[in-house]
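What follows is a set of notes on a single structure, which appears directly below.
These figures come from a predicted structure and were not determined experimentally. We use all heavy atoms of the structure for the numbers below, so side chains are in, but hydrogens, waters and symmetry mates are not.
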Amino acid sequence: MDFAKPELLNLFFLIIPIIILFYLYYRWQKKIIKKQFNKGLFVQINPNYSSGIKIVHFILRLCILVSLIFSLAGPRIGTKLKTVKREGVDVIFALDVSKSMLVEDVAPNRLLKGIQIISNTINELVSDRMGLIVYAGQAYPLMPISFDYSMARMLIKTIDTETVPSQGTDLGSAILLADSFFDKEDRSKILFIISDGEDHEANYEREISNLSKRNIIVSAINLGTESGGPIPLGVNQGGDYKKDKDGNVVISKSNSETLQSIVAMANGNFIKTKETKDAVSFIVDNMKYLDKTLQEEEIYSDYEDQFQWFIA
């Protein structure tokens, strides 16, 4: 089963504030009853009152809301398969989500610029398989290599610096994970690293060597400026910036040398830019000159709507 409008599943995020509001209201009501009323007298006045029933009613209402959201997203089941031929390459995006990517020397910040680049690139893909990796102190597989562009668009909206719990910047782990993503030896393969260039581990030489042996190209997009900027701690910390042990504001500078050395070892190309359009053109141009491989894929051509079950 899939969904005609998967982006509407984001409405599920509304459930979290609803649960919080109910919990606060529930506690406030119990507190008022306990303070203002005698327990025996209150039971006589409201013999049918039950805090447990309130919780049950709330859960039922949540179930109704969940069903409505599923209905709006258009659940459907494929009923007819057809075989299509796709001629393209395999591409993986490895996006740096470390805290330094929050620096605002590139508008709106390095991380959001990277997300914009990937999102706009997806709009240019037609017959290419793609995968998504996010990395900081370790690499995390966000989406395995696939033709499912709609799923990719939905997943990139969830990316932030908390996606990977381990902080730091380990490029080697991202490159190693990307190597495991590429599953077809006969297809042209390219990895795009989108990062400010920081790498705290510097242990990527062996991984790059393995990619080169498999004819996997690595290209890089460097975000940020050489002068850099402070690292915001976020609104929860009052708009403050990261400081060192002496109380000085830490300045994160873009490091293009690391990324340039990586692409030099992996027969790739490098660009440093602030413009989304230039970065997308760079990606498309790098893919354009790769040998395209014809691949057959079975996809559903007809669907049967299933929203009526959730409405019921």
Got a donor-acceptor contact below 3.5 angstrom from the Lys99 side chain to the Leu233 backbone?
no
How long is the gap from CZ on Phe192 to CE on Met130, to the nearest 0.5 Å?
11.5 Å
Would you confirm whether Arg214, through its side chain, and Asp179, through its main-chain N or O, come within 3.5 Å as a donor-acceptor pair?
yes
Polar side-chain atom of Ser219 near backbone of Asn269 as donor-acceptor pair, under 3.5 Å
yes
So CD of Glu124 and OG of Ser281: to nearest 0.5 Å the spacing works out to 8.0 Å
Can you tell me how far apart CD1 (Ile133) and CZ (Phe181) are? Round to the nearest 0.5 Å.
4.5 Å
How far does NZ of Lys242 sit from CG of Leu102, to the nearest 0.5 angstrom?
10.5 Å
Distance-only, no hydrogens or angles: does the Asn222 side chain make a donor-acceptor pair with backbone N or O of Ser195 under 3.5 Å?
yes
To the closest 0.5 Å, what do you measure between CD1 (Ile159) and CG (Leu95)?
5.5 Å
Side-chain donor/acceptor of Thr121 to backbone N/O of Ile117, under 3.5 Å
yes
When you measure from the side chain of Ser67 to the backbone of Cys63, do you find a donor-acceptor pair of N or O atoms at a distance under 3.5 Å?
yes
If you link I, L, V, M, F, W and Y whenever their side-chain heavy atoms are under 4.5 Å apart, who else ends up in the same group as Val56?
Leu60
Checking Lys253 now: which residues fulfil side-chain contact (heavy atoms from CB on, under 4.5 Å) with it, not counting sequence neighbours?
Ile251
Does a salt bridge link Lys113 with Glu275, judged by any charged N lying under 4.0 Å from a carboxylate O?
no
Between Asp183 and Arg129, does a salt bridge (charged side-chain N to carboxylate O under 4.0 Å, His left out) hold up when you go through it step by step?
CA-CA 11 Å; Asp183 58 348; Arg129 297 198 308 165; 2.5 Å; yes
Identify which one of Phe22, Tyr25, Tyr26, Tyr23 satisfies the ring-ring contact (aromatic ring centres under 6.0 Å, His included) criterion when paired with Phe58.
Phe22
If the threshold is 4.0 Å, N to carboxylate O, is there a salt bridge linking Asp240 and Lys243?
yes
Is it the case that the side chains of Ser150 and Asp148 hold a donor-acceptor pair, with the cut-off being a distance below 3.5 Å and no angle test?
yes
Can you sort out the partners of Lys288 under salt bridge (Lys or Arg N to Asp or Glu O under 4.0 Å), two or more places apart, ordered by chain and number?
Asp285
Asp305 side chain to Arg76 main-chain N or O, any donor-acceptor pair under 3.5 Å?
no
More than 12 heavy atoms of other residues, nucleotides or ligands under 6.0 Å from CD of Gln308: yes or no?
yes
Note: Arg110-Asp196 ion pair, threshold 4.0 Å (strictly below):
yes
Asn248 side chain vs Asp244 backbone, donor-acceptor pair below 3.5 Å
no
About how many Å separate CG of Leu9 and CG of Leu72, when rounded to the nearest 0.5 Å?
10.0 Å
Once you measure the plane-to-plane angle for Phe70 and Phe12, does it fall in the parallel (<30°), tilted (30-60°) or perpendicular (>60°) bin?
perpendicular
Can you establish whether the number of heavy atoms outside Met151 located under 6.0 Å from its atom CE is more than 12?
no
Verify the distance criterion only: is there a donor paired with an acceptor across the side chains of Gln138 and Ser173 at less than 3.5 Å?
no
